[in-house]
Peer 1: 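First, the structure itself, so that you have it in front of you.
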Amino acid sequence: MVPRMSLLPLDPDELLSTTRAVRKRLDFDRPVPDDLVRECVSIAMQSPSGSNNPSMQFVVVRDAAKKAAVGQIYRECFEMYKTWDGVYIGSIDKGSADANEQQARSASSADYLGERMGEAPALIIACNAGARADKMPAVMSANMFGNILPAMWSFMLAARARGLGTAWTTLHLFREQEVADILGIPFDTVQQACLSPLAFTKGTDFKPAARPTADTIIHWDQW
Ligand SMILES: Cc1cc2nc3c(=O)[nH]c(=O)nc-3n(C[C@H](O)[C@H](O)[C@H](O)COP(=O)(O)O)c2cc1C
């Protein structure tokens with residue numbers, strides 16, 4: 001484990017419930033030290049893996065030209081997504097004025113990142129090495145994604161604890177191969193699962209979000 005930088009005073013439940021998709025509060029002007037990225041990846045590697053065989057990989061993009069190229073692809077994918085009524089975050093009716101107001105704020109935040117992804121100090125692409133899910137039976141693809149998705153969430157939690165912001169995104173995967181080519185990722189054997197900006201946040205006071213209550217989603221003993 002690399003030495004630990006100072007952490008925010010968040011208890012485990014606060015950390016878990018205040019790690020938001022950060023977009024408008026990313027500080028694009030403050031560089032993120034490589035050692036901080038190493039710490040977050042080291043923490044992420046403590047997540048579980050099928051057969052105790054970790055296959056997760058993290059591509060950290062700092063080069064300005066490569067970030068701009070990935071950011072342009074993300075922007076174009078986001079523009080396409082914005083035309084999909086009922087799928088685009090800003091077009092989903094949440095059923096009440098309050099919830100729709102919150103949804104509009106999330107959409108505005110997502111639009112902002114759509115424009116500025118490539119300007120983040122670093123872009124993190126969580127990948128799985130081995131084989132592509134589209135060539136596997138479900139049990140194997142569940143194993144594959146089960147290796148990388150918890151690791152990426154752990155990375156995001158570790159980042160939040162260090163004053164860094166992240167935002168889970170997947171839209172660039174419409175053009176995953178182009179991003180693979182820009183970054184030299186072997187497309188046939190390495191699958192990308194998530195793209196996130198990484199930056200210090202402007203302020204660290206994030207709040208729990210409104211979510212369905214536990215009793216609306218638990219199925220005790222039977223669905
Ligand atoms: C599987 C998945 C895909 C997502 N894809 C995108 C995306 O492409 N662009 C984006 O801005 N946010 C994306 N998000 C972030 C969600 O919009 C965000 O998690 C949601 O609005 C709830 O906000 P919160 O995470 O701050 O609670 C994604 C989240 C998940 C889990």
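Order of listing sets the numbers, starting from 1, for every ligand and every atom in it. Model, not experiment: these values are computed from the prediction.
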Peer 1: Output yes when Lys67 and Glu119 qualify as a salt bridge under the 4.0 Å nitrogen-oxygen rule, no when they do not.
Peer 2: no

Peer 1: Check each protein residue for a heavy atom under 4.0 Å from ligand 1 and list those that pass, ordered by chain and number.
Peer 2: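 Correct list: Arg20, Ala21, Arg23, Tyr74, Ile89, Ala110, Trp168, Thr169, Thr170, Leu171, Arg211.
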
Peer 1: Could you check whether Asn128 and Ser55, counting side-chain N and O atoms only, form a donor-acceptor pair closer than 3.5 Å?
Peer 2: yes

Peer 1: Answer yes when Glu101 and Arg105 have at least one side-chain N-carboxylate O distance shorter than 4.0 Å, and no when they do not.
Peer 2: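 Looking at Glu101 and Arg105, the cut-off is met.
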
Peer 1: Do other residues, nucleotides or ligands put more than 12 heavy atoms under 6.0 Å from Lys202 NZ?
Peer 2: yes

Peer 1: What residues, two or more places apart in sequence or in another chain, satisfy ring pair (Phe, Tyr, Trp, His ring centres under 6.0 Å) together with Phe58?
Peer 2: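 Counting only residues at least two positions away or on another chain, Phe58 forms a ring pair (Phe, Tyr, Trp, His ring centres under 6.0 Å) with Phe155.
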
Peer 1: Taking the basic N atoms (NZ, or NE/NH1/NH2) and the acidic carboxylate oxygens, is any pair closer than 4.0 Å for Asp205 and Arg25?
Peer 2: yes

